Amino acid sequence: MMLASLSAHAQSPTTSRLVLDDVVRAALETGLDLRLALRQLAASEAGRAVAGSPFEAQLRLSATSATDRSLQDGTASAVSSSILSTTNTRYGVNVDKLLRSGVVVSPSLAVTRAAVSSATLPPPNRASVNLGLTVPLMRGWGNSAIRGSEISAASDVQAGDFDVRHAAARSVLTAVSAYWDYVASFRRLDVQKLAERRAGELAAETKLLVSADERSASELHSLDANAALKRISRIAAEQQVLEARQRLGIALGIPAEEIWKLATPASDFPTVADLNPPQGASADSLALDAPSRRADLAA
């Protein structure tokens, strides 16, 4: 899992590096908005299957058997009378198919077998094949009335697919923006560390000059105050690194207890040469082209 590779680089976030490609892959794999959109798309697909179920063929099987018993000569008191048994067995298969035009097609096949106890020949069989058509009138005719639910469900699925595409783009945008903020927080921390070190070195050098009676001792107060301010700025920059790491972890869907394991960033800011804007790109042309490229608007 990409989530495991991001959060388990090392116990300390300074022992490994985190590149932009890993962030993008993790956003597409573990982004919360994207996972929610995928669940909603799956629900829409299930709704489309339910809406199309009335158009599935329905099979009906039947089997009946009836036995009639009667006296052969019709006299109940005759000693020589015998009982005549007639068994009729019927097997049937029916299929009902609702077409999207509203017509119901109902083919059927039935086989009847008649067995007589006194018969010397094999029992006769009779088969019958029927085809029934049910044609609706008025409101039941046509796609709009019969397929309304199915068309609506199919539109929901198409909209859900656009939502998934937009959620993927939004997840990547959020993760990449958080990553660049994460990179910037380390750059700010480096600057503040350098400023703190130079302020400390300046204060130490001035103390040597004061000891040699080259500078006034009153200058030390302002230099010590400046060093303290640089120390405060460095501490604030360290806090910004923690906050940027937390925002990046949330954007990637990493559990709170694993965010602190995120590695330090390895990708540097892109240069102007890396942007490569398309030929003829301008704010007006991009604004006119945006509606045709927005998946959320299409949804």
Side-chain angles (χ1 to χ4, degrees), residues 1-7 17-52 100 143-144 147-188 240 243-255 259 262-263 265-299:
M1 294 291 290
M2 182 59 61
L3 179 60
S5 65
L6 289 177
S7 60
R17 309 301 296 275
L18 179 62
V19 297
L20 183 61
D21 291 343
D22 292 338
V23 172
V24 173
R25 283 193 293 267
L28 293 175
E29 180 181 339
T30 63
L32 298 180
D33 291 342
L34 180 56
R35 284 190 287 177
L36 177 60
L38 288 173
R39 294 290 181 88
Q40 292 174 343
L41 177 60
S44 299
E45 291 175 344
R48 180 176 60 179
V50 172
R100 284 171 172 78
N143 291 341
S144 59
R147 296 190 58 204
S149 299
E150 186 183 34
I151 294 174
S152 175
S155 298
D156 288 341
V157 172
Q158 187 178 12
D161 182 63
F162 285 122
D163 286 334
V164 169
R165 291 172 53 188
H166 180 64
R170 188 172 60 245
S171 297
V172 171
L173 175 61
T174 303
V176 170
S177 298
Y179 179 78
W180 290 133
D181 189 18
Y182 190 46
V183 174
S185 67
F186 277 89
R187 299 295 185 272
R188 288 191 295 266
Q240 291 176 356
E243 294 174 354
R245 179 180 286 121
Q246 184 179 27
R247 286 192 295 268
L248 179 58
I250 293 175
L252 297 178
I254 298 177
I259 291 179
L262 275 175
S267 300
D268 202 355
F269 288 111
T271 62
V272 177
D274 297 331
L275 298 179
N276 294 326
Q279 294 294 331
S282 64
D284 293 337
S285 61
L286 293 176
L288 292 175
D289 194 37
S292 62
R293 297 177 179 271
R294 292 289 302 230
D296 55 340
L297 182 60

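Heavy atoms only: backbone and side chains are in, while hydrogens, waters and symmetry mates are out. As the structure is a prediction and not an experimental result, all values here were calculated from the model.
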Contacts of type side chain to side chain contact (heavy atoms under 4.5 Å, CB included), residue [X], not counting sequence neighbours:
{"X": "Val50", "answer": "none"}
{"X": "Leu32", "answer": "Arg35"}
{"X": "Glu243", "answer": "Gln239, Arg247"}
{"X": "Leu173", "answer": "Ser177"}

Test: side chain to side chain donor-acceptor pair (under 3.5 Å). Region: residues 150-160. Which pairs qualify, not counting sequence neighbours?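 Counting only pairs at least two positions apart or across chains, the side chain to side chain donor-acceptor pair (under 3.5 Å) contacts touching residues 150-160 are Arg100-Glu150, Arg147-Glu150.
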Check salt bridge (Lys or Arg N to Asp or Glu O under 4.0 Å) between Asp284 and all other residues, then give those that pass, not counting sequence neighbours.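 None.
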Only counting residues at least two apart or in another chain, list the ones meeting salt bridge (Lys or Arg N to Asp or Glu O under 4.0 Å) with Arg39.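 Applying salt bridge (Lys or Arg N to Asp or Glu O under 4.0 Å) to Arg39 gives none.
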Looking only at heavy atoms, what is the nearest atom pair of [X] and [Y], with distance?
{"X": "Ala263", "Y": "Tyr182", "result": "O-OH, 3.0 Å"}
{"X": "Val157", "Y": "Leu41", "result": "O-CD1, 3.5 Å"}
{"X": "Ser185", "Y": "Ala244", "result": "OG-CB, 3.7 Å"}
{"X": "Ala27", "Y": "Ala175", "result": "CB-CB, 3.6 Å"}

With sequence neighbours excluded, give me every salt bridge (charged side-chain N to carboxylate O under 4.0 Å, His left out) pair touching residues 160-175.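 As it turns out, the salt bridge (charged side-chain N to carboxylate O under 4.0 Å, His left out) pairs with a partner in residues 160-175, which skip direct neighbours, are Asp33-Arg170.
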Salt bridge (charged side-chain N to carboxylate O under 4.0 Å, His left out) partners of residues 290-299, not counting sequence neighbours, each pair once: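 Matches after skipping sequence neighbours: Asp289-Arg293, Arg294-Asp296.
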Can you list the residues that meet the side-chain hydrogen bond (donor to acceptor under 3.5 Å, both in side chains) rule with Arg48, with sequence neighbours excluded?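 Residues passing side-chain hydrogen bond (donor to acceptor under 3.5 Å, both in side chains) with Arg48: none at all.
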Could you walk me through whether Arg187 and Asp268 pass the salt bridge (charged side-chain N to carboxylate O under 4.0 Å, His left out) check? CA-CA 10 Å; Arg187 299 295 185 272; Asp268 202 355; 3.1 Å; yes
Evaluation steps, side chain to side chain contact (heavy atoms under 4.5 Å, CB included), between Leu248 and Val23: CA-CA 9 Å; Leu248 179 58; Val23 172; 4.2 Å; yes
Give a yes or no answer on whether the side chain of [X] reaches the backbone of [Y] with a donor-acceptor pair at less than 3.5 Å.
{"X": "Ser267", "Y": "Leu20", "value": "yes"}
{"X": "Thr174", "Y": "Ser171", "value": "no"}
{"X": "Thr30", "Y": "Leu252", "value": "yes"}

Gln246 atom CD: more than 12 heavy-atom contacts under 6.0 Å: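 It does not: Gln246 CD has 12 such atoms or fewer within range.
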Could you list all the ring pair (Phe, Tyr, Trp, His ring centres under 6.0 Å) pairs where at least one residue sits in residues 153-179, not counting sequence neighbours?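 Of all non-adjacent pairs touching residues 153-179, none passes ring pair (Phe, Tyr, Trp, His ring centres under 6.0 Å).
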Residues Asp22, Arg17: salt bridge by 4.0 Å N-O rule: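 Salt bridge between Asp22 and Arg17, a charged N being under 4.0 Å from a carboxylate O: no.
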